[in-house]
Amino acid sequence: MNVQVNLNDAYYQQGTEAERWDRAQLFFDAKEYDKAARVLRSLVDEAPELTSPRLLLARAYYHSAQLGKAETELRAVLDGCPVEHYAQLMLGRTLERQGRHEEAGPYLRTAAALSGDFDALEKV
């Protein structure tokens with residue numbers, strides 16, 4: 001069984017960074033979020049400072065209901081770039097989906113302010 005797992009891991013990790021990025025996007029677009037996450041995990045581990053792979057990984061986790069993992073990735077993005085609008089929004093939505101509405105509020109307000117969506121500020 002471990003041999004099969006190792007072969008599967010090898011498939012998701014093979015190729016250049018650009019090839020794996022393209023493969024992850026294809027999986028994501030096909031709504032195969034768990035497969036996209038497997039590819040993206042290796043990319044994020046190799047280059048943790050890059051925002052795009054980490055955001056897409058967080059989205060893959062969110063869409064596959066791995067909300068704790070999504071939250072971890074989004075917090076890592078915001079640690080590096082607190083004005084990343086989409087990460088603020090996604091973290092707010094992730095917290096809401098976990099029933100943590102009060103904790104989500106500041107992130108949703110920050111996202112609305114950063115995007116200039118002042119109507120949304122009144123709703124949050």
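Side-chain atoms are counted along with the backbone in the values below, which use heavy atoms only and exclude waters and symmetry mates.
Checking Glu17 against Trp21 by side-chain atom types alone, no donor-acceptor pair falls below 3.5 Å.
With sequence neighbours excluded, no residue satisfies side-chain hydrogen bond (donor to acceptor under 3.5 Å, both in side chains) with Glu84. The side-chain hydrogen bond (donor to acceptor under 3.5 Å, both in side chains) search around Asp45 returns Arg41, not counting sequence neighbours. Residues meeting the ring pair (Phe, Tyr, Trp, His ring centres under 6.0 Å) test with Tyr33, sequence neighbours left out: Phe28, His63. A search for salt bridge (Lys or Arg N to Asp or Glu O under 4.0 Å) contacts involving Lys35 returns Glu32, not counting sequence neighbours. Residues satisfying the side-chain contact (heavy atoms from CB on, under 4.5 Å) criterion with Thr72, sequence neighbours excluded, are absent altogether.
How far CG of Asp34 is from OH of Tyr61: 11.0 Å, rounded to the nearest 0.5 Å. Note: Leu43 CG to Gln13 CD = 9.5 Å, rounded to the nearest 0.5 Å.
Its side chain within the 4.5 Å cluster rule, Val83 clusters with Leu114 among the Ile, Leu, Val, Met, Phe, Trp and Tyr residues.
Taking all atoms of both residues into account, the shortest heavy-atom contact from Ala58 to Ala70 is O-CB, 3.5 Å. Here the closest non-hydrogen pair linking Ala87 and Val77 is CB-CG1, 3.6 Å. In plain terms, the two heavy atoms of Arg20 and Gln14 that are nearest each other are CG-O, 3.1 Å.
A ring pair (Phe, Tyr, Trp, His ring centres under 6.0 Å) check over residues 68-95, counting only residues at least two apart or in different chains, returns nothing. Listed by first then second residue, pairs satisfying salt bridge (charged side-chain N to carboxylate O under 4.0 Å, His left out) with a partner in residues 51-64 read Arg54-Glu73, not counting sequence neighbours.
The neighbour count for Glu102 CD, taken as heavy atoms of other residues, nucleotides or ligands under 6.0 Å away, does not exceed 12.
Considering only heavy atoms from C-beta on, Tyr107 comes within 4.5 Å of Leu78 through its side chain.
Remark: of the listed residues Leu89, Asp79, Leu55, Leu55 is the sole one forming a side-chain contact (heavy atoms from CB on, under 4.5 Å) with Leu74.
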Determine all donor-acceptor pairs shorter than 3.5 Å in which one atom belongs to a side chain in residues 90-99; sequence neighbours excluded.
unit_1	atom_1	unit_2	atom_2	d
Arg93	NH1	Glu96	OE1	2.9
Thr94	OG1	Met90	O	2.7
Arg97	NH1	Tyr62	O	2.6
Gln98	OE1	Arg100	NH1	3.0
Gln98	NE2	Glu71	OE1	3.4
Gln98	NE2	Thr94	O	3.3

